[in-house]
Amino acid sequence: MTGTILCVAEKPAIAKAVASHMSGGAFQLSNIPGNKYVKNYQFTFNFGGRWGQCSVTMTSVLGHLTETEFGSHHRAWASCPPEDLFDAPVYESVAKDKVSIAQNIAVQARSCRALFIWTDCDREGEHIGTEVRKQALEGNPRLEVKRAKFSNTERAHVLQAARQPIELDERQANAVAARIELDLRIGAAFTRLQTLQLQTLLSSLTDKVISYGSCQFPTMGFIVDRYFRVKNFKPETFWLIKVIHVRDDIKVNFSWRRVHLFDRAVVTIMLERCLAAKKARVTKVNERPTSKWRPLPLTTVELQMMGSKYLRMTGQDIMKTAESLYTKGFISYPRTETDQFDKAIDLKKLVEKQVPDGSWGQYARGLLDGNFRTPRSGRHNDQAHPPIHPIAWVSPTALNASEKKVYEFVVRRFLACCSEDAKGKTTEVEIQYGEEMFQAKGLIVLEKNYLEVYVYEKWESSQQLPVFQLGEEFEPTEAKINEGKTTPPNYLTEPELIALMDANGIGTDATMADHVAKIKDREYVGTRTRGSGRSAVTEFIPTSLGVALYEGYNNIVSAIPGCPSLSKPFLRKEMEQRMREICAGTKTRREVIHESLERYQEVFYLTKSRIEILKAACQKYMLGS
DNA sequence: GCAAGGTC
């Protein structure tokens, strides 16, 4: 035996899974003083190569160990002008509630020859790895430090990762360090500025914190943006030609290729030309197989979007529920960007676990009996976690109402991924009538396949079209003008908001729901229900404070070309891009912090000198509220 | 009394 190796994972669940695989189940478990979640696992493992047979102590942290804060001179709000926070010194220290975890690592490191870091293989994981390394080296400065590269906790994959350790990615860790410092400085500076300025303006704001965050504000911005589009909407009248033809007792509605026009006179002339031509000619008859694709493997963003659409839960509730299902071992890790399954995962074995279920067990059986298909692969892979999938079957009686809903969704989605696409047939008839083109479509669903188990999506046969021959001419039963009005867009719903955040790089899969909850808590936005019963959806409406902040910041920068508003996602996107440059090695942490601070400082001083504009917006919308 | 990101 050649010494002991200390292994540290990002969370207890990973430590447990990895320890189980490496030890073959034969480990000694011990608690650590001061924390009930973190455990130490002791066993032996043959790493092969230069490491050989070693004792192993496997433990974990609970996410980040440290926090970054201003020094005591700058902590009180009145201690300095807010702009000082852009260059006041910041200090990194072990968070109070993590001290015992940090000590455990330092103590264990003393008797070890090497440290293997098993944090998630994503950006934050690399940074957490450097935090772990620092603690371990404090216990034992001679420690050799390696990093395990793994993207799931499948047995063979874990063993392979243990035997071929690599190095921490310092660049990714540096990118995160830059993000941490920037978020703190910018968030604190703007929050203090606007809170102190606006609190004294209106009595309704006296004891409110009016926080600014590079994710909070753009999230609020999406909601206000939509609100103004709804509010400023002017309906317009349009006209269209509708052609109806009855054949074999089937009434066929042909829709106009131009959809509609906004000039009644023009549409009238076009209809007259159609009627003058008397006969319509069939220019296209198309009958072809069609399919509705089964869904992609489940990511966090998709879970939240689908969940708030179909399960009537908020993104935050869905995530909380998914986390509890995960800690109980029923589903895989719920925070993932990956929408492709690794080949090494035995999907059929996971399908088999669902056979006992009363609702979808039969369907799972069918997959095993020959209906199984390899899931489609999406284009995302975070290299840290597999798509969300069920790990074990659980009786519905063992779950509460929310857990039941989320678990059922995860299972049905998984089974749908492993199924055949739905199959159908579309018929398309195109006619020329006068100078105008019209079209009718019919759909027959032939095989529902995945839709049998994925009950959230609908795909139904439409009315069947009668037979039309290519080139035939007929006189339509009726042709007339219909009038309509354009309708305003709806207020933003949660799935739409999550999609916008995702597309604009606002927040991560783990934090999006938190940002939404935060701006509600800050009273920048509220929610209400649109519709009723099964079709009810929750929509977001800004408060007068939200509208005032949005408009105030837009007005502050509007006269300055190239100066983006704080309510738009642009500055955050730019910061994200710079972080990627650190990862690519084209920029350093110092350069990025400097550049990003300059960008935000420009807006800050502009806001400070034009603070009356922000105040005016608050007075405009909030007086009397 | 400030952020966003991990995780319980």
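Any value given below was found using the heavy atoms of this structure, including those in side chains, with hydrogens, waters and symmetry copies removed. Letters go in sequence order (proteins before strands), and every chain restarts at 1.
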Fill in: Within residues 116-134 of chain A or reaching into it, pairs that qualify as salt bridge (Lys or Arg N to Asp or Glu O under 4.0 Å) - sequence neighbours excluded
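As it turns out, the salt bridge (Lys or Arg N to Asp or Glu O under 4.0 Å) pairs with a partner in residues 116-134 of chain A, which skip direct neighbours, are A:K11-A:D120, A:R123-A:E576, A:E124-A:R179, A:E126-A:R147, A:R133-A:E170.
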Identify, with sequence neighbours excluded, every residue that meets side chain to side chain contact (heavy atoms under 4.5 Å, CB included) alongside [X].
X: A:P386; value: A:N152, A:I345, A:H389
X: A:T338; value: A:T336, A:Q340, A:N381, A:D382, A:P387
X: A:E323; value: A:M319, A:P334, A:R335

Worksheet item: Do the ring planes of A:Y333 and A:H385 sit parallel (below 30°), tilted (30 to 60°) or perpendicular (above 60°)?
Response: tilted
Fill in: Sequence-distant partners of A:K320, side-chain hydrogen bond (donor to acceptor under 3.5 Å, both in side chains), two or more places apart
none
Response to the item:
Taken in chain and number order and not counting sequence neighbours, the residues that satisfy side-chain hydrogen bond (donor to acceptor under 3.5 Å, both in side chains) with A:T206 are none
Worksheet item: With a non-hydrogen cut-off below 4.0 angstrom, is A:Q199 in contact with a base, only sugar-phosphate, or nothing?
Response: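 It contacts base atoms.
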Response to the item:
In B/S/- notation (B base, S sugar-phosphate only, - none; protein heavy atoms under 4.0 Å), nucleotides 3-8 of chain B written 5' to 3' is BBBBSB
Practice prompt. Can you tell me which residue pairs pass the side chain to side chain donor-acceptor pair (under 3.5 Å) test with a partner in residues 81-94 of chain A, sequence neighbours excluded?
Written response: A:E83-A:K608
Practice prompt. For DNA chain B, determine which residues of residues 76-91 of chain A have any heavy atom closer than 4.0 angstrom to one of its atoms, and list them numerically.
Written response: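 DNA chain B contact set from residues 76-91 of chain A: A:W77.
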